[in-house]
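Data block below; observations after.
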Amino acid sequence: MRNQSIGSSIDWITLLLYIALVIMGWMTIYSASLPLEETSIFDLSQIYGRQMLFIGLTIPIIFIILFTEAKLFERFSFVFYGIGIVLLLGLFVFGKTIKGQTNWYQFGGFGFQPSEFVKTATALLLAKYLSYSQINLKHTKDQLIGLAIVGLPVFLILLQPDAGSAMIFISLIFVLNREGLPSWYFISGIIAIALFFLSLLIQPLYIIIAILIIMIVHYILNRKISRNPIVYGLIYLVIVAFSFSVNYVYNNVLESHQKDRINVLIGDDVDMKKEGYNLNQSMIAIGSGGLLGKGYLEGTQTKGGFVPEQHTDYIFTTVGEEWGFFGSTLVILLFVTLFLRIIYLAENQKTKFSRVYGYCVATYLFTHFFVNIAMLIKLFPTIGVPLPFFSYGGSSLWAFTILLFIFIKLDANKVNEW
């Protein structure tokens, strides 16, 4: 049946998962920022009061999205993208520098981080581009245009410099791969990351010898299927050059705080009272929760303020300490259920635009979730990536809400698609 009401066509499972995560997120922020003398939950002088305001303002945002014509998101995707690029460029003139990064606009007591919203604009334009019937990601030209759509905001964000946000955009390589981008792009990225860390831990000479042996064996085993030895040679030269350049990049290009974060991850000469302090305290807080946790509002590490920025990037440490293993598992299961639900809905869309956009949403949310939690347990460098719907901040909450509810609107509109 066509032209059904929003209420009858909206995916209530996704909506309820969103509501549950936002409520649990606010409860965690409340615990992580509660002062000695309790005040109203609407006290705007307190972090939890401002977060309550941000949550309240998501309601009109949600209604505006749900009652907007779904086709407008596709039709004006280039406009949204263009506005996003202008906002990123504007940071170099009007942006506020915080901790060495110029990635915020400041309006009185409130900040606005455009990169959070450009994620949605990039996803919309990428979905629009890939939905054209003549686009084939097996062709080099189409590959380059798709990569350029993602690459332009990445370039501008790296100039801020904000490696964490840039990495979230780069995760769209999964979506491009899903839509036909050759796998060697993705594999090359994984190999480059592995080589970077290996070159910091092991002498590059040992690495290139090991790779040479591997490539010779691979060539011998596959020579019957016309493997070109020149290609093998070129690939090997690139790997050699990359391996020997890592130490130069590490010592002369990376900022000191970036090197500190890498050292913390690989355990190289880390001072637990300085650069390793945040990670060490977060692991203590999570570990101290045990199976059942210390109880809501009862976290000693949280109350003692031992974990810096606990209401933002380190918010999950409060979950681990107060809710324990079972509570943390519940939160993780809610996130995983949301990701799987979005993927399921994306696969059942009637248009390629809606499907690709749905995969962009799932990719963004999963990457944020994975990196945020992985960096708390020393599986990933600390790079300042918020946990969706949990970390404090209006920009991130509104951006995630817009990102998700545009897809909910597109999904609800599929009953009107032929």
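In what follows, residues are counted from 1 in the order of the sequence shown.
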Residues forming a side-chain contact (heavy atoms from CB on, under 4.5 Å) with [X], sequence neighbours excluded:
X: T312; answer: E309, Y392
X: L234; answer: I230
X: T363; answer: S171, F174, V175, T367
X: W398; answer: F54, L57, T58, I61, F117

salt_bridge(R355, E179) N-O dist < 4.0 Å: yes
Salt bridge flag under 4.0 Å for residues E347 and R178: yes
H218 and Y232: side chain donor to acceptor below 3.5 Å: yes
Residues Y357 and Q349: side-chain donor-acceptor under 3.5 angstrom: no
Please set out all donor-acceptor pairs under 3.5 angstrom arising from side-chain atoms of residues 333-343, sequence neighbours excluded.
unit_1: T337; atom_1: OG1; unit_2: L333; atom_2: O; d: 2.7
unit_1: R341; atom_1: NE; unit_2: D11; atom_2: OD1; d: 3.3
unit_1: R341; atom_1: NE; unit_2: D11; atom_2: OD2; d: 3.2
unit_1: R341; atom_1: NH2; unit_2: D11; atom_2: OD1; d: 2.5

Parallel, tilted or perpendicular: ring planes of F73 versus F80, cut at 30 and 60 degrees: tilted
Residues which pass salt bridge (charged side-chain N to carboxylate O under 4.0 Å, His left out) with K294, listed by chain and number, not counting sequence neighbours: E321
Y185 atom OH, neighbour heavy-atom count above 12 within 6.0 Å: yes
Student check: side-chain heavy atoms of I208 and F244 closer than 4.5 Å: yes
Test item: C360 and L126 side chains (from C-beta on) under 4.5 Å apart, heavy atoms: yes
